[in-house]
Student: 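The structure under discussion is supplied below as C-alpha cells; questions concerning it will follow.
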Amino acid sequence: MTVLTMARAAAEVPDSILSEDLLRRYVDLLVRLVEAAGAIVIFLGAVLAAVKFVRAAFRGRRSEEFVRVRLGLGRYLTLGLEFQLASDVLSTAIAPTFGEIGKLAAIAAIRTLLNYFLGKEIDHERAEVEEEERDPDRTSRSSATDT
C-alpha cells in the first residue's frame, strides 16, 4: 500500500471515528494507566524496602545493608518518577494550551531534578558499597578512626 493510497483511505474515515474528543478520551485513559503504573512501581519499591529494612534490623546487620535498602528504594523511586513524567507528557499530547505546556515544563523540570539528584546519590552510594566490598577492612578502619 503506497503512501498516497493510505492518505486517501484516511481521508475517507469519518470525523466521528477520529474526533479530537474521542482521541482525548483514549489518551486520558492511557495517562491514567501510566500514572497507575508509576504509583504501583513506587508502592512496590516502598514495600520491598520496608521488608528488607525490617529484616536487616532484626538480623543486626551492618550499616552497609541499610545502604543497599536505600539504593533499592532509590531505583524504584527513579523508575516511578519516569512513569509519572511520561503520563504528564501524554496528558499534553493533544492540542495543549500554553497553560498546560507551562505546567508540563514546571513538572518536568521538578521531576527531572529529583531524578538527577536521586541518581547521583544512588551512584555515590553504589560506589561506596562496591569499595567496601573490595576492601572490607576499610569499614573497620574508618569506624575505628571515627571514635
Student: With sequence neighbours left out, write down each residue that passes side chain to side chain contact (heavy atoms under 4.5 Å, CB included) with Asn115, or none if nothing qualifies.
Tutor: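 Applying side chain to side chain contact (heavy atoms under 4.5 Å, CB included) to Asn115 gives Thr78, Leu81, Glu82.
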
Student: Going by salt bridge (charged side-chain N to carboxylate O under 4.0 Å, His left out), name the residues that satisfy it together with Arg75, two or more places apart in sequence or in a different chain.
Tutor: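 Expected list: none.
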
Student: Is it true that Phe117 and Leu73 fall in one hydrophobic cluster, defined by side-chain heavy atoms closer than 4.5 Å?
Tutor: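 No; Leu73 is not reachable from Phe117 via cluster members.
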
Student: Transitively linked via ILVMFWY side-chain contacts under 4.5 Å: Leu79 with Tyr76?
Tutor: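 Cluster IDs for Leu79 and Tyr76 match.
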
Student: Which donor-acceptor pairs under 3.5 Å do side chains of residues 30-53 form with protein atoms, sequence neighbours excluded?
Tutor:
from: Arg32; atom 1: NE; to: Asp28; atom 2: OD2; distance (Å): 3.2
from: Arg32; atom 1: NH2; to: Asp28; atom 2: OD2; distance (Å): 3.2

Student: Below 3.5 Å, can you tabulate the donor-acceptor pairs from side chains in residues 97-112 to any protein atom, sequence neighbours excluded?
Tutor:
from: Thr97; atom 1: OG1; to: Glu100; atom 2: N; distance (Å): 3.1
from: Glu100; atom 1: OE1; to: Thr97; atom 2: N; distance (Å): 3.0
from: Arg111; atom 1: NH1; to: Gln84; atom 2: O; distance (Å): 3.1
from: Arg111; atom 1: NH1; to: Asp88; atom 2: OD2; distance (Å): 2.4
from: Thr112; atom 1: OG1; to: Ala108; atom 2: O; distance (Å): 2.6

Student: Considering only NZ, NE, NH1 and NH2 on the basic side and carboxylate oxygens on the acidic side, decide whether Asp123 and Arg126 come within less than 4.0 Å.
Tutor: yes

Student: So, using side chain to side chain contact (heavy atoms under 4.5 Å, CB included) as the criterion, who are the partners of Val67 when residues are at least two apart?
Tutor: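 Partners of Val67 under the side chain to side chain contact (heavy atoms under 4.5 Å, CB included) test: Leu71, Glu125, Val129.
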
Student: Would you kindly confirm whether Ile122 and Leu77 end up in one hydrophobic cluster when ILVMFWY residues are joined by side chain heavy atoms under 4.5 Å apart?
Tutor: yes

